[in-house]
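Structure first, commentary second.
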Amino acid sequence: MRPLSYVRAMAVEDAVERVSGDPAGAFLAGGTTEIDLIRFGLAEPDLLVDINDLPLSGIEDLPGGGLRIGALARMSDVARDGAVARRYPAVSQALLLGASQQLRNMASMGGNLCQRTRCPYFGDGISPCNKRTPGTGCSALEGINRNHAILGTSPHCIATHPSDVAVALTAFDAVVHTMGRDGDRRIPIDDFFLLPGDTPHIEHALNHGELITAIEIPAAPVAARSLYLKYRDRQSYEFALVSVCAALRVADGTIGEVRLALGGVGTKPWRARRAEERLRGAAPTTESFAEAADAELAAASVRRHNAFKAEFARRAIVRALNQVMGSTNGGRA
């Protein structure tokens, strides 16, 4: 392992300057899994910049009803925040379902967004993996792929993104604020996460030396009636096989506004736009929910061990939408 230099940044500009000047291009500012990757020899940066002292942990009201969440706000603080719980209950639920209390007390919002995949072939350090070593292949394609993606896949990668809260943030059109040497940027969260395509090692839209400073959630009255459902192999501290963030607004017997995003099935937090389009103007029934789910999942690319996820996701979408509506039929379709 190469020698690792460590510095503590005391100002955002200082962090950006230190990292931008690092010729190796190694910047670890957040990323929940980064220290583990260094420890396991999966990442070998020359420079580690500690940003924990930066003043980026606030939660602020925005004009019109939105919220600005600092990149270093701890997951537990955001989950317990009254404004988050009232205006975006699905965000609070996703955070509470995302990890143990101990981890939520330590992990930051920006770090959560930048965490790497939990694909075992990426993490074992031995198997061919295009995320870890571009051009070596994807072992999951013909390997054990039960936990892998069925949406947004490519011949080069089928790993899922592990974040729960990113799914809810994607449903509500969150915006990632960054600072770099070229100034500030606002990146829509659906553009922040990248599909693998033929460059699966490039997972987000951050440039070299660019630092996440905040996450903005725009005002969305529909979000007040939202929920986050998560299905996993065990109840505690497990990543999603399928998760759903759903929100609905019904007027005069038809759906006027809908937000729907999926986790556990996509190579990035998956905004279910085909399903949303089918649902706008439709009656809020189990049948219309199922038709919308079918439309979204028509593009699914399943493999030997994860084929069950298509039907699983369909049922989860129907159940989530029925629960938002207060249905008691259990979401059966």
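All values below come from the heavy atoms of this structure, side chains included, with hydrogens, waters and symmetry mates left out.
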For Met106, what are the other residues in its hydrophobic cluster, where any two members join if their side-chain heavy atoms are less than 4.5 angstrom apart?
none
Glu60, CD atom: more than 12 neighbouring heavy atoms under 6.0 Å:
yes
Between CG of Leu62 and CG of Leu67, what distance do you get to the nearest 0.5 Å?
6.5 Å
One should read off an interatomic distance between Thr153 OG1 and Ile150 CD1, to the nearest 0.5 angstrom, of 9.0 Å
Salt-bridged, Arg146 to Asp233, with N to O below 4.0 Å?
yes
Is any NZ, NE, NH1 or NH2 atom of the basic residue among Glu203 and Lys268 found under 4.0 Å from an Asp or Glu carboxylate oxygen of the other?
no
State plainly whether the residues Glu238 and Lys230 are in salt-bridge range, i.e. N to O under 4.0 Å.
no
Tell me whether Arg271 is salt-bridged to Glu276, with the criterion being a basic N under 4.0 Å from an acidic carboxylate O.
yes
Donor-acceptor contact below 3.5 Å, side chain Thr133 vs main chain Thr136
no
I'd like to know if Arg104 and Asp77 make a salt bridge, using a cut-off of under 4.0 Å between side-chain N and carboxylate O.
no
If you round to the nearest 0.5 Å, how far is CD1 of Ile158 from CG of Leu141?
5.0 Å
Between Arg186 and Asp191, is there a side-chain N and carboxylate O pair less than 4.0 Å apart?
no
Closer than 4.0 angstrom, basic N to acidic O: yes or no for Asp164 and Arg232?
no
Side-chain touch Val258/Arg280, heavy atoms, less than 4.5 angstrom:
yes
Is it true that Val318 and Met325 fall in one hydrophobic cluster, defined by side-chain heavy atoms closer than 4.5 Å?
yes
Below 4.5 Å, heavy atoms only, C-beta onward: do Tyr231 and Arg315 meet side chain to side chain?
no
Step through the shown structure and confirm whether more than 12 heavy atoms of other residues, nucleotides or ligands are within 6.0 Å of CG on Asp182.
no
Are side-chain heavy atoms of Pro89 and Val84 found at a separation under 4.5 Å?
no
Rounded at 0.5 Å granularity, tell me how far CG in Asp81 sits from OG in Ser76.
11.0 Å
Could you tell me if the side chain of Ser243 sits less than 4.5 Å from the side chain of Leu262, heavy atoms only?
no
Arg314 bridged to Glu311 by N-O distance under 4.0 Å:
yes
Non-hydrogen side-chain atoms of Arg249 and Ile255 separated by less than 4.5 Å
no
Is Arg259 salt-bridged to Asp173, cutoff N-O under 4.0 Å?
yes
Nearest-0.5 Å distance that lies between atom OG1 in Thr213 and atom CD1 in Ile51:
10.0 Å
Are side-chain heavy atoms of Lys131 and Cys119 found at a separation under 4.5 Å?
no
Hey, does Asn112 have a side-chain heavy atom less than 4.5 Å from the side chain of Met75?
yes
Exam field: side chain Thr160 to backbone Gly266, donor-acceptor pair closer than 3.5 Å:
no
Output the distance between atom OG (Ser139) and atom CG (Asp124), rounded to the nearest 0.5 Å.
7.0 Å
Answer whether the closest heavy-atom distance between the side chains of Ile144 and Tyr121 falls below 4.5 Å.
yes
Could you check whether atom CZ of Arg273 has more than 12 heavy atoms from other residues, nucleotides or ligands sitting under 6.0 Å from it?
yes
Is the Phe193 to His204 ring centre distance short of 6.0 Å?
no
Donor-acceptor pair, side chain of Asn130 and main chain of Pro200, under 3.5 angstrom
no
Applying side-chain contact (heavy atoms from CB on, under 4.5 Å), run through Ser127 and Phe122 and close with a yes or a no.
CA-CA 7 Å; Ser127 302; Phe122 170 81; over 6 Å; no
